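For the numbers below, each heavy atom of this structure counts, side chains included, while hydrogens, waters and symmetry mates do not. Just so we're clear, the structure is a prediction, and the values are computed from it rather than from any experiment.
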Amino acid sequence: MKSQITNAISDFFFEYETPRQVLVRDRRVGVACRLIQLGVLGYIIGWVFIYENGYQSTDTAISSVYTKMKGVGYTKINGTESVWDVSDYVFPPQGDSSFVVMTNFIMTEGQQMGKCPELILFQGQMTGVCVNKTKTCEVVTWCPVEDDSSIPYPPLLMSAENYTLFIKNSVTFPLFGVKRSNLVEGIDTGYISKCIYHPENDPLCPIFKLGDIVKFSGFNFETIAKLGGAIGIVVDWTCNLDLDKKYCKPEYTFHGLYGNADETDVTRTSVGYNFRYAKYYMEGKVQKRTLFKVFGIRIDIIVQSLARKFDIIPTLTAIGSGVGIFGVATVVCDLVLLHLLPKKEFYKNMKFKCTDSHIQVSSTLCINS
């Protein structure tokens with residue numbers, strides 16, 4: 001018993017096992033094997049390494065976005081002239097990556113708390129009194145109530161088409177220790193002072209005309225300005241950091257998100273984008289307000305990023321998986337040999353050989369089909 005244990009331990013540590021090799025001279029099987037191997041090699045080189053960049057590590061960025069609108073609007077309503085600057089038409093205040101630019105509005109002036117007939121349902125707390133003149137109920141609310149049945153057209157702030165938007169974006173790829181800004185090399189104060197973004201002539205200019213943003217997103221400005229809508233500006237940082245980091249530059253794309261007033265989908269209960277806000281003031285000792293129903297273009301700035309750089313670990317992993325896939329050729333060819341060819345029983349006898357213990361056989365057999 002002791003001798004058997006000793007022999008087993010000795011065999012485990014001091015013997016080497018190798019697969020039995022059978023050389024089959026068959027053109028069909030040989031060509032099939034090489035075609036499969038070429039396909040696997042093409043997959044590894046073409047797809048894994050060239051298309052998918054399997055030899056590189058990847059990282060996404062931590063980003064920060066700062067925005068600034070410029071421009072002045074003008075309206076003349078019922079003989080009253082008004083000038084609208086950034087503090088009037090941008091909500092919320094400057095700097096956010098998501099904001100609304102007002103392009104149209106319905107203004108209800110001189111509202112004060114009291115009792116008056118409603119125009120539509122749920123405009124205030126009902127008093128239980130019916131008003132014959134309007135055939136509606138009397139409510140406690142801000143009077144006079146808002147009448148938004150008629151939306152101004154053309155939009156009151158069509159001048160918004162010429163407003164400009166400045167975007168400042170910084171990104172950091174922590175895995176690679178790389179920091180970049182959309183104010184890349186060559187984008188200095190002199191250039192910014194005179195440039196306007198254009199996808200071909202000035203693709204790196206960080207200043208955008210609002211009318212161009214709407215056009216690039218597929219909307220018509222007059223249409224979207226009437227009822228409002230939403231547009232996404234995507235700042236794309238797709239960088240190959242095997243090259244100098246100066247080649248890591250942003251690309252801007254524009255997408256209409258929702259609110260196209262031309263939509264005819266009857267399942268949509270509402271189109272456009274709007275909200276209300278009020279300006280409060282005192283007249284004598286009475287608190288009053290001016291109510292605005294604002295129609296505007298919501299801008300969402302979305303930063304997406306992907307940086308790649310050579311790394312030995314994913315490279316070896318890709319190579320190792322590729323070598324493993326080469327075994328597919330052997331499996332397929334063995335299936336053909338052992339199950340499909342006329343001499344399958346002969347091949348089985350050659351491939352699988354049963355022997356008694358301690359009987360040595362030749363490690364390589366050559367078979368001519």
Side-chain angles (χ1 to χ4, degrees), residues 67-94 96 99-124 131 133-134 136 139-165 209-215 219-231 259-262 270-299:
T67 60
K68 188 175 183 180
M69 289 291 301
K70 283 187 177 182
V72 176
Y74 170 82
T75 60
K76 187 174 182 179
I77 304 173
N78 298 325
T80 302
E81 295 180 310
S82 300
V83 173
W84 303 78
D85 61 18
V86 173
S87 61
D88 296 316
Y89 61 72
V90 174
F91 308 88
Q94 295 275 13
D96 284 358
F99 57 92
V100 178
V101 180
M102 180 169 65
T103 55
N104 205 6
F105 61 88
I106 296 173
M107 181 171 60
T108 307
E109 297 182 283
Q111 285 188 322
Q112 66 181 67
M113 191 61 65
K115 298 178 181 179
C116 53
E118 62 183 352
L119 295 179
I120 58 174
L121 294 177
F122 310 118
Q123 287 186 298
V131 182
K133 182 178 180 180
T134 60
T136 58
V139 292
V140 178
T141 187
W142 288 93
C143 300
V145 295
E146 177 190 68
D147 181 3
D148 62 352
S149 59
S150 178
I151 300 174
Y153 188 82
L156 297 175
L157 287 172
M158 276 296 293
S159 56
E161 189 172 11
N162 295 315
Y163 297 169
T164 58
L165 168 65
K209 191 176 175 182
L210 187 59
D212 291 339
I213 293 174
V214 172
K215 181 178 68 174
F219 283 150
N220 173 271
F221 188 86
E222 186 171 337
T223 300
I224 198 175
K226 178 185 176 183
L227 294 177
I231 294 174
N260 188 348
D262 287 337
S270 176
V271 295
Y273 182 92
N274 65 79
F275 61 94
R276 291 173 174 84
Y277 84 100
K279 290 183 177 181
Y280 294 86
Y281 60 93
M282 297 295 295
E283 189 174 279
K285 295 183 179 181
V286 179
Q287 185 183 45
K288 293 188 176 184
R289 73 176 189 179
T290 299
L291 178 66
F292 289 88
K293 182 174 181 179
V294 173
F295 302 88
I297 301 172
R298 178 188 173 104
I299 303 292

Aromatic centroids of W84 and Y163 separated by under 6.0 Å: no

Interatomic distance, D85 atom CG to S82 atom OG [nearest 0.5 angstrom]: 11.5 Å

Answer with yes or no after comparing the ring centroid distance for F99 and F91 against a 6.0 Å cut-off, counting only values under it. no

Of all heavy-atom pairs between K70 and V86, which one has the smallest distance, and what is that distance? CA-CG2, 4.1 Å

Euclidean distance, T108 OG1 relative to D147 CG, rounded to 0.5 Å: 8.0 Å

Under 4.5 Å between any side-chain heavy atoms of V90 and V100, yes or no? no

Return the set of residues passing salt bridge (charged side-chain N to carboxylate O under 4.0 Å, His left out) with E146 (not counting sequence neighbours), or none when no residue passes. R276

Grab the two heavy atoms, one from Y273 and one from R298, that are nearest each other, plus how far apart they are. OH-NH1, 3.5 Å

I need the I231 CD1 to K215 NZ distance, nearest 0.5 Å. 12.5 Å

4.5 Å side-chain heavy-atom contact, I297 and F221: yes

Of T290, V294, N78, which meets side chain to side chain contact (heavy atoms under 4.5 Å, CB included) against M107? T290

Determine, step by step, whether L291 and R289 satisfy the side-chain contact (heavy atoms from CB on, under 4.5 Å) criterion, reporting the C-alpha distance in whole Å, the side-chain angles of both residues, the deciding distance to 0.1 Å, and the verdict. CA-CA 6 Å; L291 178 66; R289 73 176 189 179; 4.1 Å; yes

How long is the gap from CD on Q111 to SG on C143, to the nearest 0.5 Å? 8.0 Å

Under 3.5 Å: donor-acceptor pair, side chain of T141, backbone of G124: no

Would you compute the distance between atom CD of E109 and atom OG1 of T80 and round it to the nearest 0.5 angstrom? 7.0 Å

Quick one: do Y280 and Q287 satisfy side-chain hydrogen bond (donor to acceptor under 3.5 Å, both in side chains)? Show the steps, please. CA-CA 7 Å; Y280 294 86; Q287 185 183 45; over 6 Å; no

Ring centres under 6.0 Å, that's the criterion: do F295 and F275 meet it? no

Supply the atom-to-atom distance N104 CG to I224 CD1, rounded to the nearest 0.5 angstrom. 12.5 Å

If you define the side chain from C-beta out and look only at heavy atoms, does anything of I213 sit under 4.5 Å from L165? yes

Compare every heavy atom of Y277 with every heavy atom of K279, then report the nearest pair and how far apart it is. CE-OH, 3.6 Å

Tell me the closest heavy-atom pair linking M102 and L157, and the distance in Å. O-CD1, 3.6 Å

Any side-chain heavy-atom pair of I106 and I151 under 4.5 Å: yes

Are any non-hydrogen side-chain atoms of Y74 and E81 less than 4.5 angstrom apart? yes

Report the residues that fulfil ring pair (Phe, Tyr, Trp, His ring centres under 6.0 Å) with F122, sequence neighbours left out, ordered by chain and then residue number. none

Side-chain (T67) to main-chain (D96) donor-acceptor, under 3.5 angstrom: yes

For L210 and N162, run side-chain contact (heavy atoms from CB on, under 4.5 Å): C-alpha distance rounded to whole Å, both residues' side-chain angles, the deciding distance at 0.1 Å, then the answer. CA-CA 6 Å; L210 187 59; N162 295 315; over 6 Å; no

Least distance between heavy atoms, K226 atom then Y153 atom: CD-CD1, 3.4 Å

Compare every heavy atom of D88 with every heavy atom of V83, then report the nearest pair and how far apart it is. O-OD2, 3.8 Å

